Structure formats: C-alpha cells, structure tokens
Amino acid sequence: MRAAALTLAVLAALALVPLGADNYTLSLVARAMIFALAAMSLDFILGGAGLVSFGHAALMGIGAYGVGILMEEGTRDALVAFPVAMAAAGLFALLTGAICLKTRGVYFIMITLAFGQMAFFVTQSLSAYGGDDGLTLAARSTIAGQRWLKSPLTFHYVTLGLLAAATGLCALFLASPFGRVLKASKENERRVRALGIDPYPYRLVAYGLAGAFAGLSGALLANLTEFVSPAFLSWHRSAEIIVMVVAGGMAASALRAGGMGRLGGAILGAVGVILVEESLSNFTEHWRILFGPLLVLLVLAGGWRGRRA
Amino acid sequence: MSTTLLLVQVLNGLQLGVLLFLVAAGLTLVFGVMDVINLAHGVQYMLGAYLMVTATALTGSFWLGLPLALVAALVLGLVLERLVIRPLYGRDHLEQVLATFGVILFVNEAVKMIWGAAPLSIPMPEALSGSIRLMDGLNYPVYRLALLAAGLLVAGGLYVLVTRTRSGMLLRAGATNAPMVSALGVDITALFAKVFAFGAMLAAFAGAMAGPILSVEPGMGDGLLILAFVVIVIGGIGSIRGAFVAALLVGLIDTLGRSFLTDLLKLVLPPSDATQAGPALASMSVYLLMAGILFFRPRGLFPAPA
Amino acid sequence: MSALLEVRGLRKSYGALAVTDGVDLDAVPGEIHALIGPNGAGKTTLISLIAGEVRPDGGTIRLAGTDVTHLPVHRRAQAGLARSFQITSVVPGFSARENVALALQGASGPSFRLLPMPGAERRRGEEAKALLARVGLADRAERPAAVLSHGEKRALELAMALALKPRLLLLDEPMAGTGPDEGRAMVDLIARLKADCAILLVEHDMDAVFRLADRVSVLVAGRVIASGAPEEVRADPAVRAAYLGDEA
C-alpha cells in the first residue's frame, strides 16, 4: 500500500511544518494545504472516475463566497458557514453536473469550463457583495464563538485536520462498491453498462461530493486571505488545479505509489506547484514564461501515459 | 426602451457574434478535423491584435498593417502547430488541455514582456472613422458596420471553401475518416497543419479587427475563448454552419441581455431587486441557453455526421 | 416452452444499406441457438440491437414477455440479458475477482452506500471466487485482468455474465482467438451453461456450432434465410449455396 504510505507521509510532513516556521511560511503552507484539499477533491473525480472537470475553481470560489456573504449578513461562525459553503458548492456541482455528465470527452471539458465561467461572471455582477472588486471579510470565521482561526498555528492544524479527514473519506468512497463502479466506468464504460449498471447516477453523486469538498477548500481560502473576489473563480485557476493533480499523479507514479486517483499524489502535486510558483515568482515576476514551457515539456515528454500499460 | 437603442444593441450583438464566429470557426475545425482541443486559440486572437499594433505602427497604415499582421499570425500558427500541436494528435484530451494551457501562460507572459502590461490601442483607419446616420436620431460608427460586413464576408467565403472546394471536401472527409483520406494519397499531416494555421489566422483577423474598438491587453482572448467554446458546443462540434448560427445567437443574447434584462425585470420585480438580479441573470444567459440546448440536443444544433 | 427472447420484424439501415432486414429470431430456455452467416451478414449489428447498443428502425424485441425495444443497455441487463463481447471486454485494471464482484454488484441493483461494507464485500468476494472456479479461473482470482491470457479473459467474461444470473446469454464469438485446448474447454463450459438459461451464440467455428447448437439460424445480407435443427440447416440447399459452399 505505497499509495496510502505516500499520503500519510505527506500529511505527517505537513504536521511537522510549524516546528520551524515563521508566520509567512505558515501562511504559504496553509495556502498549499487548501489547494491540496481542492486538488484532492478533483483527483477523486478526475483520477478516480475519469471526469476531466474544468470548473473546479468555480466550486472553490462558491465556497469562498458562501463564507464571505454569510459574514456580510452577520453569520460568522464556521460551524454554520462551512457546511453552508459545502452545500452551496455541492448543489452547484449537482445542478451543472446533471447536464455535463450527459456528455462525453471534449464536450464535458468545454461545458464544465463554461459553467465555471458562468459562476465567475455571476460573482462579478454581485454589486451588493463587492462586484468586480471583491469582498473583504471583517475577520476570520469563529468556531463555536471562539476566535481560534486567528492564530496561524491553529489555522494550520484546522486546515490540516480537514484535509486529512476529507482525504480519508474520499479514499473510503473509492474503496467502496460505489468507488468500484466509478473506477470501472472510467476504464470500460461499455462493459459496466452491459452488467446492468448505469454510471450516470454514480458519477453525479461523486461530482456533487467533489464539489462539496472543493467548497470547503474555498471556505478555508476565504479565511486565509480574509478576502474573496471573482478572480478566485477564474478558469486559469481551474487549469492550475488540474496541473496539480496531473503533476502530482506523475510524481506519485514515479515513486511507485500509485498515480492519479490515489489522492496522495494530488496533495503532493498541490504543495509542489504552490512552492514552485512561490520560488519562481521570487526569482522573476515573469515566472509564467518558464512555467508554461515546463508544462508543455511535461506533457510532450511522454507524460503519464506509460502508467496505463 | 426605444427602438433606436434596441437597433444599436442588435448591431452590437451581431458584431460580437461575428467576432465570436471568426474565433469559433478555427476552433471547431481544429477540433472537428483533428480531434484536438486547443485552449491556446484565445491567445491567437490576442496575438492578432498585438501584431496589428506593431504592424500599423511600422507601416503607418491600417491597410498595410492588416495583411502584414495576418501573415505573421499565419506563420506563428504554423510554428505552434509544428512545436506543440502536432505531437498531441491522437493523445488524451487531458494532455492537450495541459499542453495548450502551458502555451497560454507562455504567450500571455511573453506579450506582457514585449508590449507591456498596459492596454494599447490601434488607430482607426481614416476612411472608416466617421459615423453614419442609419435613421432619425441614430448615428452608428462606420468602422463597426465595416467590421460586421467583413465578418459576414469571411463567413460566406469560409462556407463556400468548406462545402464547394476540393480542400474543403478533403477537410470534411478527413474529419470523419482520416485513414481513408490518407489512403487516397493525401498528406494528412500537411492538411492538418494548413487547417490549424488558417484557423489561427481567422482568430488573429478577429483580434486585429477588434483592436480599434477594444483595448488591446494581455489575456484579452481568455474570456472570448470560453464564449467560443459555448458557441461550438451549441452549434455542434465540427460544424461551420452551427458555429455561425450559434455565434450570432450568443452575441445577440449576451449583448441584449446585458442592456435590457434589468429594465425588463423591473416590470415584474421591485426596482432594487431587479438591479441586483438583472446583471447576474444577464451574465448567466448564454450559459443557460447552452444548458437548455444541450438538454434537448446533447450534440448541439447541427451535429456533424457521425 | 414459450420463447424467452422474441425478435420480430427487426430492421436497421445505415443510409441505403439494410443491415438488419426484417429479422425474426427466438431463444428458448435450455437451448443453444446459434446464429451463423458470412462476414458482413449483419451478425454484429443484430447482437448490438438485441443488447441495446444500437436502436432499431423498426420491429420489436421482447425479453420474457416484456417489450425491451426501447430500453437502454443497462435496463436490459437488469431484465436478465448478459453478454460477452466479440473483442473481450473486461476492466483491465481490476483483478479477476474484482471484475466478477463488479458484475455481482450489477446483479444486485444500484447501491449508493458510499462507505465500504466489509461483511457484504467478503460475501461478494466468496461468491466471485466460486464463479471463477466454475469457469476454471480459481487460481487466477487475484491477477489483474490485463495480464490474463486471451482464453482466460474469455472465461472471465463468462464468469461475469454468469454473475448476473442471466435468463438470456448472448455470446459473440466466444471461440475467436482461443487455442485448441482453450477452445475445447470453452465448448464444454458453454454446453454446461445451457441448463440455466437461453443462449444465443454467434460463432464462426463450425465444429463448435454443430457440437453445441440445438437450433441454427443462418443470416445472409441482413435476413434469416434458414432456421432449424442443425442437420436440416446443414442440408438446406439455399444455405449450402449462400454460405457453406462445398466445405460442409
């Protein structure tokens, strides 16, 4: 079970970070863990079920706006706001997924992209909540009335705890008979249908669950930055989350610890991409001029195709 | 709402539709013929505008700059095809998405380094800079009408090219059965390269023509790309006719929705609610249209023959 | 005994070409009905029509008295139709046991229990192993399906079909690509299966067909030109002319 070992090792390493870190590093690592949660939830449907969903930033952003709007309306507690954020993102995923999942392949990619963009424009038009400029949060969420999230250290462990719990749950989902249908439909949908199983409702449930976890990551991101804006939902960010999943999956299979769909790789990928972005951007403001060709080379060099054989 | 305002907005909507068609046409051909999803198509639109900035500055003339910019775009299209797209034929859509996203990051950043991050503008050609009186109390810029006409002309030419000429027929045959066409002794690789570069040039043409009325800035193609996706999903992937109909539909609905939906909602809602809901609903309109059409016709309005 | 599968007047055209041209066909429990015909006769289309992957232009398909003509693939499978594919179709990344477990899930209907249920899974695992033993794959249960030999994949497909406890089994060229030993084992296996369900067998291997079939129908250019006991069909002059030639 090297895949599980990898996941545990990465989570353990993250647990040790506060031992020797200043607040700046803590905030960077918190950001990495939040994106790890989003990437993990995408890996659940992309690696697990073969659904190349291109709207993950929108789901994340809906969770973030959930927290922001509730706070603006006077509800500050995470025990209310986080579940609402998850429900809102999950519901959006279910509604749009109901249509997207009727389609295949490149249609699916384009339509998830389009619905993501729809959410982006809607947040831009919310003039009561900052519109284009975004919304600054009055403070971080409280937990049962306590201002625990204010402390970087507590924030670190709350985020890590939620990441670990969500990853554990998704791993259980994939190990269940439900997950077996998802994985089988990814590899051989025709066969699954001939066995009397319609993959559609399974995929839809998985899509909704992934949406809820992405919403949770958005709720955390809103708290980290104490700010939400339409930029959270931009499709470039969706693409970045896909990059995290794929690059992490490649790294995991290089370590012989499973590829995509085993969740640990996505966590590793998110942490890696955030750290690479950070160090490249310290080096030059034009870091994308390096990151872009790197991505092209990664794919053209043969990518993760070998894993399938 | 007055008739004049409605007419102006219809013209603006058609204009957006025509631009969308020019971008979507290349995208739908590249997908329909080569089964490649090319996210970098939006940056080709942007490059068209930037090349036009430089070409008009160099030549001092819109009319000399335009062909220069188009040729440059064509060459860049060929280069991109050779370096990135050709190795992606027949590969996973996920791989195509990632590689072409890498191209976007690179080109957006390169544009920032070469031309700067600040918005630029392209001077309007002298001959088309005035406005024309369409009816009482309605003056409309000549350039915008010219843009509309040019787009319609290209659309017509493209339709003839695809349906009436030998290259067009090969192209359509190649889309449904590439091995068969290559068995006929046609060089599929060369055909694909030409189609790709031609699509890139169409997008660049849209960018170059839009330059004088929009601001030319990094990332200007990113939003348009998604709308172009909506267009080809509605129209049916691979269908030029579908792309044309869907582009005009999307252009009109988006433009009219943004200008009139809030006022329409005020008829049924309290004004403060309408001011909130109107813009949100307007920005959702084309996507809701897409969802509705897909619900009834999962393969779009004009599905390519299987 | 009344027919389990009743196909009546089934038609399907691609453009001007009628690939299925008014086909009537029955399958009866406890019998093997073989469908033969030259290449391009429309056997694959007919199987796809019966399985539900292709929609007919006309005619009806009834399964155990219920009209299934317009039901999607998975609903027909739930109604008791199991199949093997002409090109073996298993889930390559799964072990043999997991492939059969998936089929057993199909048999027990949709379930959205998201968490693993160790008890139920253990029972399903046992059942899967029993089915694998029945097709001679007992010692291959934990192997990934991708590394099984061609004949073993064929047998695995059968175990998956059996897991559905089918009333009708569609076998699309089960002998294709198997070696002589594997082929003999497959013939024995199919012969044993007919006690439990009706079998519609499409096969090119004439030895196998005449050893197994209780009834043979001959499909030529989308039409059934002869149907009856194997000896009758073998003797039918139209069949000899159209298909068997002088070989038979």
Side-chain angles (χ1 to χ4, degrees), chain A residues 46 50 52 54 95-96 98-100 102-111 113-128 131 234-236 238-240 242-243 245-247 260 284-300 302-305 308, chain B residues 27 31 35-37 39 83-84 87-88 91-110 112-113 219 222-223 225-230 232-234 237 254 258 272 275-288 290-292 294-295 298-300:
Chain A
L46 200 167
V52 184
F54 213 132
L95 288 175
T96 55
I99 291 168
C100 301
K102 294 269 182 207
T103 64
R104 285 285 153 277
V106 70
Y107 270 94
F108 183 80
I109 299 177
M110 291 194 220
I111 296 162
L113 193 51
F115 280 128
Q117 192 76 351
M118 174 176 90
F120 170 81
F121 282 124
V122 168
T123 57
Q124 257 190 352
S125 70
L126 292 175
S127 47
S234 88
W235 69 263
H236 275 226
S238 292
E240 279 167 25
I242 296 179
V243 172
V245 172
V246 173
M260 284 197 300
T284 160
E285 64 165 312
H286 298 298
W287 58 275
R288 287 188 185 83
I289 204 108
L290 300 172
F291 196 71
L294 204 66
L295 202 52
V296 176
L297 285 178
L298 201 70
V299 174
L300 295 191
W304 60 94
R305 287 223 123 191
R308 288 208 183 138
Chain B
L27 204 56
F31 184 76
D35 195 27
V36 169
I37 174 165
L39 295 183
L83 289 182
V84 181
L88 292 173
R91 287 177 71 173
D92 216 67
H93 289 139
L94 181 55
E95 294 177 300
Q96 298 168 351
V97 161
L98 286 175
T100 53
F101 179 64
V103 173
I104 295 185
L105 292 181
F106 176 79
V107 177
N108 272 343
E109 205 60 45
K112 258 185 233 169
M113 292 168 77
D222 293 356
L225 173 75
I226 314 294
L227 270 188
F229 277 150
V230 172
I232 69 176
V233 165
I234 290 178
I237 289 176
D254 195 54
R258 282 175 204 278
S272 64
T275 344
Q276 283 297 315
L281 210 56
S283 56
M284 290 169 74
S285 56
V286 293
Y287 303 98
L288 294 179
M290 176 190 80
L294 281 178
F295 189 78
R299 297 179 61 226

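Letters go in sequence order (proteins before strands), and every chain restarts at 1. Just the heavy atoms: all of them, side chains too, but no hydrogens, waters or symmetry mates, feed the values below. No experiment lies behind these values; they were computed from the predicted model shown.
- The shortest heavy-atom contact between A:Ala114 and B:Met290 is CB-CE, 3.6 Å.
- Counting heavy atoms from C-beta on, the side chains of A:Leu300 and B:Leu88 come closer than 4.5 Å.
- When each of B:Asp222, B:Ile37, B:Val233 is checked for heavy-atom pairs under 4.5 Å with chain A, B:Asp222 comes out on top.
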Test side-chain contact (heavy atoms from CB on, under 4.5 Å) on A:Met260 and B:Leu94; report intermediate values, then the result. CA-CA 12 Å; A:Met260 284 197 300; B:Leu94 181 55; 4.1 Å; yes
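- Of the atoms belonging to B:Ile104, it is side-chain heavy atoms, and not backbone ones, that fall under 4.5 Å from chain A.
- Per-residue heavy-atom pair counts under 4.5 Å with chain B were compared for A:Ile111, A:Leu46, A:Ile99, and the maximum is reached by A:Ile111.
- Across all their heavy atoms, B:Gln276 and A:Ala128 have their closest contact at OE1-CB, 3.6 Å.
- For a residue to count as touching a neighbouring chain, one of its non-hydrogen atoms must lie under 4.5 Å from one of that chain's; by this rule B:Val97 touches chain A with the side chain only.
- Contact check for A:Ile109 versus B:His93: side-chain heavy atoms found under the 4.5 Å cut-off.
- Of all the listed residues (B:Pro87, B:Ser283, B:Ala277, B:Ala282), the one sharing the greatest number of non-hydrogen pairs under 4.5 Å with chain A is B:Ser283.
- Looking only at heavy-atom pairs under 4.5 Å with chain B, the residue among A:Lys102, A:Glu285, A:His236, A:Glu240 that has the most is A:His236.
- In this structure, A:Tyr107 contributes its side chain and B:Ile237 its backbone to a donor-acceptor pair below 3.5 Å.
- A 4.5 Å side-chain heavy-atom check between B:Arg91 and A:Val299 finds at least one atom pair inside the cut-off.
- Heavy-atom distances place the side chain of A:Phe54, and not its backbone, under 4.5 Å from chain B.
- Between chain B and the residues A:Trp287, A:Phe121, A:Trp235, A:Phe291, the largest count of heavy-atom pairs under 4.5 Å involves A:Trp235.
- Residues B:Leu98 and A:Leu298 fail the side-chain proximity criterion, which asks for heavy atoms closer than 4.5 Å.
- Separation of atoms NE2 (A:His286) and CG (B:Leu105) is listed at 14.0 Å; rounding is to 0.5 Å.
- Note on A:Val122, A:Leu113, A:Ile289, A:Thr103: by heavy-atom pairs under 4.5 Å with chain B, the leading option is A:Ile289.
- In this structure the side chain of B:Asp92 never reaches within 4.5 angstrom of the side chain of A:Val52, judged on heavy atoms.
- Heavy-atom distances place both the backbone and the side chain of B:Val84 under 4.5 Å from chain A.
- Contacts of B:Leu225 with chain A are made by side-chain atoms alone, with heavy-atom separations under 4.5 Å and no backbone atom involved.
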Please determine whether side-chain contact (heavy atoms from CB on, under 4.5 Å) holds for the pair B:Ile232 and A:Met110, giving the CA-CA distance in whole Å, both sets of side-chain angles, and the decisive distance to 0.1 Å. CA-CA 9 Å; B:Ile232 69 176; A:Met110 291 194 220; 3.9 Å; yes
